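Naming: A, B, ... by sequence-line order, numbering from 1 per chain. These numbers come from a predicted model, not from an experiment.
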Amino acid sequence: MTVTGAPRIVTRRLGGPAPWTLASYLDDGGYDGLRKALSMTPEEVREAVNVANILGRGGAGFEAGRKWGMLAKSEPVYLTINGDESEPATFKDHMLIETDPHMVVEGALICAYAVRADQIFLYVRGEFALGLERLQAAVNEAYAYGAAGGDILGSGWSVDIVVHPGAGAYICGEETALLESLEGKRGYPRIKPPFFPAAVGLYGAPTVVNNVETVSNLPWVMRNGADAFAALGEGRSKGTKVMALSGHVKRPGNYELEFAKVTFRDLMFDARLGGGIREDRQLKAFIPGGVSSPWLGPQDLDVLLANEKIAEVGTMAGSGAVTAMDETTCIVRAAWRIVRFFHRESCGQCTPCREGSGWVEKILQRIENGQGREADLDLLMDVCDNISPGIRWPPAQTTICVLGPSIPPAPASGIRMFPDELLTHIREGRCPFPPDRLPGRVAHV
Amino acid sequence: MARLTPHNEQRARDLIALYPHPRSALIPILHLLQEQDGYLTDDGMQHAGELVGLEAAEVQGTASFYDMFHTEPVGKYLIAVCTNIACLLQGAYELLEHAEERLGIAHGGTTPDGLFTLEDAECLALCGNAPCVTVNWRYFGDVDREGFDDLVARLAAGELDGEVPPHGTLCRVRRSVGLAAAGASVHGCGGPVPALAESSRPGAIADEPTDGVDLETFATTPAVLALDGPAPSDDRTEP
Amino acid sequence: MSDPTPQPATTTAGDATAPGSAAGHTGREVPVHLAPRPVITESAVGSPPPPVPRSPGEMVTVTIDGRQVVVPKGQLLIEAAEAAGTYIPRFCYHPRMKPVGMCRMCLVEVEGPRGSTLMPACYNPVADGMKVSTTSEMTKKAQDGVLELLLVNHPLDCPVCDKGGECPLQDQTLAYGPGESRFVEEKRHWDKPIPISELVNLDRERCIQCGRCVRFADEVAGDPLIDFYERGDRTEVAVFSATHPFASYFSGNVVQICPVGALTATPYRFRARPWDLDQVESTCTSCSVGCRVAVQTSGDQLVRKIGVDCDPVNWAWLCDKGRFDYEAVNSPERLGAPLVRKDAELVEVSWAEALDTAAGGLQRAVRAGGGANVAVIGGARLANEDAYAWGKFARAVLGTDNVDAQLGDGVPADVLLGLPRATIDEAASAPLLLTLGTDPKEELPVLYLRLRNAARERGLQIVELTPTRTGLSRHAAVTALHRPGELAALVQAVTADHDPTGDVAGVAAGTIAGIRAHLVRAWQEAPVRRGRPAERPSIVVLVGRASLAEGDAGVRAAVAAFSGLPGVAWLSGLRRGNVHGALDMGLAPGVLPGRVGLDQGRGWYESQWGAELPMGRGMGTAEILAAAARGRIGGLVLLGADPEADFPDALHAVKGLAGARFVVAVDSFLTDSARKADVVLPAATYAERRGTFTNLEGRVTHLGAIVTAPGVAWPDWMIASELAYRLGADLGWSDLEGIWAEITRVSPLHAGVDRVALAGAAARDGIVVPAGDGGAAIRPPRPLDPMADPGIASAELHAVAPTALAVDVPPVKQASEEERAPMPPMLTTPGGPAPPPVPVEGDAHRLVSRRSLWDAGTWVRHAHHLSPLARAASAALHPDELADLGVAPGDALLVSNDRGRLSLPAAADPSLPRGVVAVAWNAPGGPASSLVDASGRVVTVRVEVAR
Ligand SMILES: Cc1cc2nc3c(=O)[nH]c(=O)nc-3n(C[C@H](O)[C@H](O)[C@H](O)COP(=O)(O)O)c2cc1C
Ligand code: SF4
Ligand code: FES
């Protein structure tokens, strides 16, 4: 159960012995959701998912059912599961793939059935070696069990499922870059329009791209009914959400919580969840939805964890990754590291993202090293403005994909929330903070 | 400077057969090449191009886009220290510094004995166990200085050979079947489904050794599983 | 930029000629014996791609900077704005490639339902009611921002950059960019220029990652030998390795379209500064495609050729041979003075002495044996006016019909000239292109680009009948590999009234049935109306000689067979420079200017020229050389012809030249043949003389002059006129314009295409003759775009292209019936019946010898950056045969027959059938012509291991 008493949906089976095996999965009613789906027509499955109103868990929060409804009417149709999870501070899909791969497979199969896909590709971040092994083993077992391949579970319906490893490029999490990558190319996001892979996707064919966590909800929805799912949460945000909590909290980790019922404060301070800030220090700021999202401060702690509520305060729920920063955190250093990430991961197509990311990184580095100038704050904001005009969220773009506009939030949040701290760096010609320390924990080796 | 061995070439062809277009198998084939040689050789990339119908320049263009592919030799163990935000907040740069001192190389470098290559990595998605490290993409969480030294010592001593294969080996579980459904897809069924039907099974992929990888023996840390501590008692706590 | 095009520019070639869908047409006429029926499974021949949707011509209204304009629906915003007179800055966009919207320079503010957004104008098509601002604050901030960001990592080493002064990055920064850079950090560093091929250098620091070069290599040239490497701001353009250079025939184009100085051409590096350049618009004479070019000079030296975007022809592209052949013009080995043989030595003399000697020798020959005793070989290097002058001189003054612009290596003029012609656009938009083995990639490179594009983008189906695979084979629906020498049999089977029951000429029956199915499908798609010419041809046949190791019998049989089918139009595959101009001007036996038969035109031309014309058809090159060998030619003129190198049968050529009593060579180089002449007259080349050129479509374009010829070299027409004068005749003109005026007066083919028409802005892309239908080929050109054609616009300030200034005159008017009345009819049917099949006998292997782009030809040899590209001759066999012989590639093989023997390194070519050995034509170190005899039979050879 989650803290609100709602059932756990995607982390339900975690913690048991070897939950990744077929035997363990079947013990828990594994593949009954698929069986249920196969007893329905694909239209009925889609309708159920519409009722459940499953928001995409990959970052954009698009309703899964609505996405499926946009599929172009042509064949073949492909389903691609996005397991590229690389948004810094997000580590939920990693866990789901490693610990409950059959759930991911079953979810993908239900999705494929609903959208009448001809083939499923599980695109898994290349660094997830264990995840790839567990997932491949699960797929092998699923084939052997008869849940994948020809005549699935005797239903007459057939679909193949292929585990596809990535190779280390954050941008391949962006769905059109993912498709390019899956086509064996450089992971360049495709220019829009066409806006949705549902119209033009893999090899130009209509394609559904869904996140691992998104489809992991499907077996539960099939078994317990769409209404049970929709009874959880509030407004658009139904069901549960896995929150990946990291940073300066006492108990970082993944917490599955009922959507729209729990606040950031609960997440970070509840003893059963984050347990408060380490050494009971002050919370300085937190990143609410992955490093792409604009930051929030202590004054925003009572915002509910619901996509629309978080959007109301000018940022996003994103992938559900919350990172807490305590009072010892150097804002310049944090912003620099985030921008450095985008600089390293920019695919390089768009001039503003390619060149802007490096420039912003360099300016921040200069400030952190004590070589900043006061004009740098305006310069930073202006370069950011050239990447994402207005520096607002949801962002305006001068780029093809949203990686570009993800560059400004960290530095802009830093400047807006802590202008004095930046000026101190500049005026004192040095960083006023001590370096971060290693935690006093023992490595698991 | 090696092309794929005949056995691996067959594996590459099996990979190609899984996709509607050969080029899609390029990245899996490049992983296969790295498994064989530890890194991507020129000959290997050319061979990959021949198999999927690309010029070598295109193979290189694709390979170079991805961080996991190395076109120069790397150590037997590629140690990646995450320094992204969650790990940074837990002292990742200090850990990286320590790693550099311990191995006597700057990140990006390889020890003279060819055993270790050190990388400053982007978020590895183990942020609940920050700071974290991977060795050949096998995960180790909550790593401190002593933990790091211990890890290095055990790697050097070969104590972790079972858990950490040499660089390049990614997935030791092979796909056991070819495509089974091609052309057999029947849409729009619905109706009762028997509990466990004996359906037509695709044939196993030819000459694949059945891999005896025991997926349970890894010492690696799966991403932190929360809510497994003290059982949640009642509802929400008041802050 | 000065072109006041009133209507939006159309950018896609062929749209003007493309009718709507073929569905619903009536009156389809398919030859009975080829009527549709299930013949063959698709998979055997490759399934045709879906038809390309054609825009129905709908218009929409958009507002650009407050001005309402009406533009074609679906047009890209950047194009629509440009047509409306608003230029949107850009880098990655090139009008001849697919938009990718990467550089973000073209962002403009577009008003939408949810407020204004920035959209890349290069990627988004116009939509009705769209409101665009290219000057708003939002747009300007974006432009300013992108430019500043582009300069973040740009070295700004403009003073030492080839592009400095004509650099789009410089120009656009000035026009749209920030005044100063706020970037103070260290820039990205890379090794300064690295060669990526023999011809192209790459400076990665200057690269702005627009991807034009990488896209060109893949999308246009089909040679993806360069690609991006790494990602983000570490992205660089790269070849795979030094052993895998960017060895594309089209590599120079990436230099041309690079919007910064990242890619530079080795032959041009540091040769000139843009502001010192003079330029003239001209036509490339390297092959018969006739690409439009800007020829640029610095200090009376040719330094660069740039492709001009000619919509019906080259779309701005050039092949590397055409682009860099100017090095040969500059060559120190050019002939600059007349030479006369004295005491067995060729010595420099004055023009007067040389002309006297030449005239004297020719006169003696005529006196001794009449016109039949003299002959003129060559002329494909000449401009149209030169060719006309020489043809008139030969027939009216020397009294001979022994004239031939071809060297036994083409297709007989009377076969070719009567065929209904297709334009390149028509070939590209036809449903089916059938080739008789010509390899356009090697021989007509830019035609290859157009056909490749048509096959990939427009659904053109290509069927090849060929002895070996060609550059086009990758894009062909069917490549029927026939045994050398058996084209005739294959064609017969393809056009027979029943499907074959067995293999024919080594081609499987199923393949032949597949080809027949393609013919049927073509007729269905572009129906042939009974009794009327097709709106567009159903089938275009590219006709040329596949292999020079056999005669032209196969091609003649193919022409006879296919010209009997409906809806067929022809594209000539003759490759040599202005060979079509020379043929149209009558430099062929039995053919008078304007594609008129000798007998049909005799009366007309005698009245026009005031001279008696020779009776009876004269000899072609092979017969002339044979006659010369027997001592029957007293005077032989070589017009830029080098029979020893180019005539397929080397022995025959050598004997002929030796046997000719008096030889005059008019040439720009002292070729092997010219060395044997009694008089050598130095001729000016392109860029040194004006004139007109006729390409393989029959398109007449200008040749511009911009440098002075070396020494005292003359234009060919002057040489003809002076010789005539010395023989007591006045050819009747005093300048080039006079010749053209006479041509348009006497030649039915050129009626109406007078100087004024040719100079009109509407004729910027030339005029296809005969200019029926008021000059159907004429379309408004795309205005010059400094981003699409960098290098042309900025130099234009200094030297204006001849057509840029031209007054706009009405297009060609069709000559009225009366005007035409006395003119003789043009040839309409191919001459001569199909020859009987040539028996094959002799040695075990049949020889195939095809041309390749880089060869040991005169021009390549004298262009010092090109000559190293020619690959040494080799003997290619199927690898199994090499194994049978026990040799590895590179080992020496002996290829011999009763004519000669060649020792060549072995090469493996798995696409060759057994029993065929391929030796490239005119490759350095292996004159295949020494194995060929001129009798026309397919050459057979013995292949042995050299001991
Ligand atoms: C730069 C970038 C990175 C992304 N990375 C991921 C990712 O790692 N995993 C993911 O599921 N979605 C990622 N997304 C979102 C995907 O584009 C896409 O919206 C998502 O996979 C759709 O699945 P969903 O609707 O189930 O959420 C990313 C988007 C962007 C712009
Ligand atoms: S915004 Fe950045 S990551 Fe996205 S397509 Fe453009 S350059 Fe690539
Ligand atoms: S993005 Fe439009 S020209 Fe580059």
Looking only at heavy atoms, what is the nearest atom pair of [X] and [Y], with distance?
X: A:T351; Y: C:C103; value: OG1-O, 2.8 Å
X: C:L118; Y: A:Q397; value: CB-O, 4.2 Å
X: A:P352; Y: C:R104; value: CD-CG, 3.6 Å
X: C:G101; Y: A:I191; value: CA-CD1, 3.7 Å
X: C:L149; Y: A:N386; value: CD1-CB, 4.4 Å

What part of [X] gets within 4.5 angstrom of chain A, counting heavy atoms only: side chain, backbone, both, or neither?
X: C:L150; result: both
X: C:F91; result: neither
X: C:T117; result: neither

Ranking A:R186, A:Q349, A:K362 by heavy-atom pairs under 4.5 Å to chain C gives rank one to A:R186
Check your understanding: Any donor and acceptor pair, going by atom type alone, linking the side chain of C:Y123 with main-chain N or O of A:K192 inside 3.5 Å?
Key -> no
Q. Does the A:R344 side chain pair with the main chain of C:G232, one donor and one acceptor, at a distance under 3.5 Å?
A. no
- Query: Could A:D382 and C:K141 be called an ion pair, given the rule that one side-chain N must be under 4.0 Å from one carboxylate O?
  - Reply: yes
>> Looking at C:R231 and A:E345, is any side-chain nitrogen of the basic one under 4.0 Å from a carboxylate oxygen of the acidic one?
In response: yes
- Please indicate whether C:E180 has more than 12 foreign heavy atoms, meaning atoms of other residues, nucleotides or ligands, lying under 6.0 Å from its CD. no
One should read off an interatomic distance between C:N153 CG and A:W359 CH2, to the nearest 0.5 angstrom, of 10.5 Å
Taken to the nearest 0.5 Å, the spacing of A:C350 SG from C:Q209 CD works out to 12.0 Å
